[in-house]
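To keep things clear, I will list the structure first and then write my remarks on it.
Keep in mind the model is a prediction, meaning the values are calculated, not measured. Counting convention: from 1, in listed order, for ligands and their atoms alike.
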Amino acid sequence: MAFTVAVIGLGYVGLPLATLFHENDFNVIGIDVDLNKMESLKKGISYLSDITDADILQLTSSEKFSYSDSFQALVGADAIVLCVPTPLRNHQYPDLSYLESAVKGMLPHLQRDQLIVLESSTFPGTTEEVLVPLVESSGFIVGKDIFLGYSPERIDPGNKDYSLENIPKVISGVTKKCLQKTELIYSKAFRKLVPVGSPRSAEMTKILENTQRLINISFINEMSQLCHQLDIDIWEVIQAASTKPYGFTPYFPGPGIGGHCIPVDPLYLKWKANLLSLETPFIDLAKKVNDNQPNYIISRTTSILKDKEHPNILLVGLTYKKDVNDVRESVSIPIFEKMIEKGWDVQYTDPFIKEYVVKGKKYQSINMTEEKISEFDVILILTDHSMMNYDDLIQHSKQILDTRNCIKETYKNVIRL
Ligand SMILES: NC(=O)c1ccc[n+]([C@@H]2O[C@H](COP(=O)([O-])OP(=O)(O)OC[C@H]3O[C@@H](n4cnc5c(N)ncnc54)[C@H](O)[C@@H]3O)[C@@H](O)[C@H]2O)c1
């Protein structure tokens, strides 16, 4: 008999996961409190860049998929998978309010023998220290009446090389039986499971992966600033260093690190470490370098503009990375804001973001005609979306600052980081 899985939170993580379970013959119940998402599903319109309208229609027309904004829909689920946001409070501290509210919503509907798996990224200890007491307030005992695990989501939106089922899935359980239950259900959807000894280990695995990226990308951004001063091409250096057959992993400079994960997760760990009076100097330094990167991009733009007082700037790309429609923590936004504060005339183009409000003013993504391109004093490439026409940009623009190295050849109007 097919298992029934309820996925709570149908965003960038939850909707692809629900689709994967569905493709593997599970009955799937999707739950989300965002009524706009419910409406989109009803109309067969995708709200994610990696999922097409046709995918949505295929899912929602299936008898094996249902969706609701009510937790009552949980009845009959063998497993409940939580994919709700774990952002920062005041740009610094873990905000578990979405998780707590989702768990409180599901408590009255829990049933004996159900498995609950948390997939949201969070600090080590969340499952055992926060979730176990919350779940046990239902009267069920974890490991005996109800089962609880943690499995970090490793999806990389926009990345066509790795499908969800092919990314090895780290799993864990609060007790041995919790792990066995997680293994039983997840093995039906994922090719390779990587069981670890405790939810703490699994939580830390995800944070380690993302902290490594924050630190290394911040480091390479520091190296790129240094190379610029020394008149050395950092991109050439990275390419040359990458020919070493062992021991060197390339990371690439850019306008700064954004998104819901890499700039956020290390601060979850820092918060936990600080609770224990432990310091995290690597994380602190990487954060400092990353926070300063928008200022560096602006200083590079200023030096291209020379003494022009009211320049006309075009930002190419608002999203935090290529080929996604996600602007959370995107570094394009502070760059946009800081340029407006300087009194510059700023516009943007982004095929994924039709309009966006910056400092209370609504901007619309501009159409890139030849004439329009030639109007700007500097065009900054902040996100290297695949569908942008870079040839047109090169041909008609006065100056380009390419922060992503997406224009590989040398042109006299293109400057790289
Ligand atoms: N986006 C990524 O690339 C990515 C990758 C790996 C891990 N993660 C982690 O996965 C988690 C989810 O991230 P996301 O990008 O999918 O976020 P998201 O905002 O795209 O989706 C979360 C969904 O949860 C819903 N939600 C919020 N509170 C709820 C509640 N109480 N009950 C039901 N639904 C609720 C929201 O409406 C939203 O649709 C986060 O912890 C994130 O760090 C994200």
Quiz item: If you count the atoms of ligand 1 from 1 in the order shown, which ones are under 4.0 Å from a heavy atom of T86?
Solution: 40 (C), 41 (O), 43 (O)
Quiz item: Do K37 and Y47 meet the cation-pi criteria used here (NZ or CZ under 6.0 Å from the six-membered ring centre, within 45° of the axis)?
Solution: yes
Practice problem: Could you pull out, from K104, H260, R328, the option with a heavy atom nearest to atom 18 (P) of ligand 1? | Solution: R328
Exercise. List every atom of ligand 1 that sits less than 4.0 Å from any heavy atom of K37, numbering the atoms from 1 in the order shown and giving each element.
Key: 38 (C), 39 (O)
Quiz item: At under 4.0 Å between heavy atoms, which part of C83 makes contact with ligand 1: side chain, backbone, both or neither?
Solution: backbone
Exercise. Kindly confirm or rule out an N or O of D326 lying under 3.5 angstrom from an N or O of ligand 1.
Key: no
Quiz item: What protein heavy atom sits nearest atom 6 (C) of ligand 1, and how far away is it?
Solution: E153 O, 3.2 Å
Quiz item: Which of the atoms in ligand 1, numbered in the order shown and given with their element, are less than 4.0 Å from a heavy-atom of G9?
Solution: 23 (C), 24 (O), 25 (C), 34 (N)
Quiz item: Do you know the tightest heavy-atom contact between P294 and I335?
Solution: CB-CG1, 3.7 Å
Self-check item: Closest protein heavy atom to atom 16 (O) of ligand 1, given as residue, atom name and distance to 0.1 Å
Solution: V13 N, 2.8 Å
Self-check item: Nearest option to atom 39 (O) of ligand 1, as decided by whichever heavy atom of L10, L82, D32, V264 sits closest
Solution: D32
Quiz item: With a cut-off of 4.0 Å, which atoms of ligand 1 are near a heavy atom of C261?
Solution: 4 (C), 5 (C), 6 (C), 7 (C), 8 (N), 43 (O), 44 (C)
Quiz item: Would you say the side-chain atoms of D55 and T52 include a donor-acceptor pair closer than 3.5 Å?
Solution: yes
Practice problem: Would you indicate whether the side-chain heavy atoms of P253 and R416 approach each other to under 4.5 Å? | Solution: no
Exercise. Identify the protein heavy atom lying closest to atom 28 (N) of ligand 1, giving its residue, its atom name and the separation to 0.1 Å.
Key: Y98 CD2, 3.6 Å
Self-check item: Residue K206 vicinity, atoms of ligand 1 by number, heavy atom under 4.0 Å
Solution: 6 (C), 7 (C)
Quiz prompt | Non-neighbouring partners of Y268 that pass ring pair (Phe, Tyr, Trp, His ring centres under 6.0 Å), sequence neighbours left out | solution = none
Quiz prompt | Identity and distance of the protein heavy atom lying nearest atom 29 (C) of ligand 1 | solution = V33 CG2, 3.5 Å
Exercise. Considering only non-hydrogen protein atoms, determine which one is nearest to atom 31 (N) of ligand 1 and report residue, atom name and distance to 0.1 Å.
Key: S101 OG, 3.0 Å
Quiz item: Are any of the side-chain heavy atoms of L110 and F140 separated by less than 4.5 Å?
Solution: yes
Quiz item: Relative to ligand 1, is Y47 under 4.0 angstrom through side chain, backbone, both or neither, heavy atoms considered?
Solution: neither
Exercise. Apply ring pair (Phe, Tyr, Trp, His ring centres under 6.0 Å) to F190 and list each qualifying residue two or more places apart in sequence or on a separate chain.
Key: Y186
Quiz item: Among S97, S121, G105, which residue places a heavy atom closest to atom 9 (C) of ligand 1?
Solution: S121
Practice problem: Before giving the answer on salt bridge (charged side-chain N to carboxylate O under 4.0 Å, His left out), spell out for D145 and R112 the whole-Å C-alpha distance, their side-chain angles and the decisive distance to 0.1 Å. | Solution: CA-CA 5 Å; D145 311 312; R112 190 173 289 276; 2.8 Å; yes
Quiz item: Which ligand 1 atoms does P157 reach within 4.0 Å, using its non-hydrogen atoms?
Solution: 3 (O)
Practice problem: Give the residue and atom name of whichever protein heavy atom lies nearest to atom 1 (N) of ligand 1, and the separation in Å to one decimal. | Solution: Y12 CB, 3.5 Å
Quiz prompt | Salt-bridge criterion met for E165 and K192 (N-O under 4.0 Å) | solution = no
Self-check item: Under 4.0 Å to a heavy atom of F71 - the qualifying atoms of ligand 1, by number
Solution: 32 (N)
Quiz item: What protein heavy atom sits nearest atom 33 (C) of ligand 1, and how far away is it?
Solution: I8 CG2, 3.5 Å
Quiz item: After noting the C-alpha distance and the side-chain angles of E279 and K270, does the key distance pass the salt bridge (charged side-chain N to carboxylate O under 4.0 Å, His left out) rule?
Solution: CA-CA 7 Å; E279 309 238 313; K270 174 183 166 56; over 6 Å; no
Quiz item: Of all the non-hydrogen atoms in the protein, which one sits nearest to atom 27 (C) of ligand 1, and at what distance?
Solution: P85 CD, 3.5 Å
Exercise. Apply the test side-chain hydrogen bond (donor to acceptor under 3.5 Å, both in side chains) to residues S151 and K169: give CA-CA distance (whole Å), side-chain angles for both, the deciding distance (0.1 Å), then the verdict.
Key: CA-CA 7 Å; S151 175; K169 194 80 175 114; 3.0 Å; yes
Practice problem: Indicate the ring-plane relationship of W271 and F123, choosing parallel, tilted or perpendicular according to the 30° and 60° boundaries. | Solution: tilted
Quiz item: With a 6.0 Å cut-off on ring centres, are Y12 and H260 close enough?
Solution: no
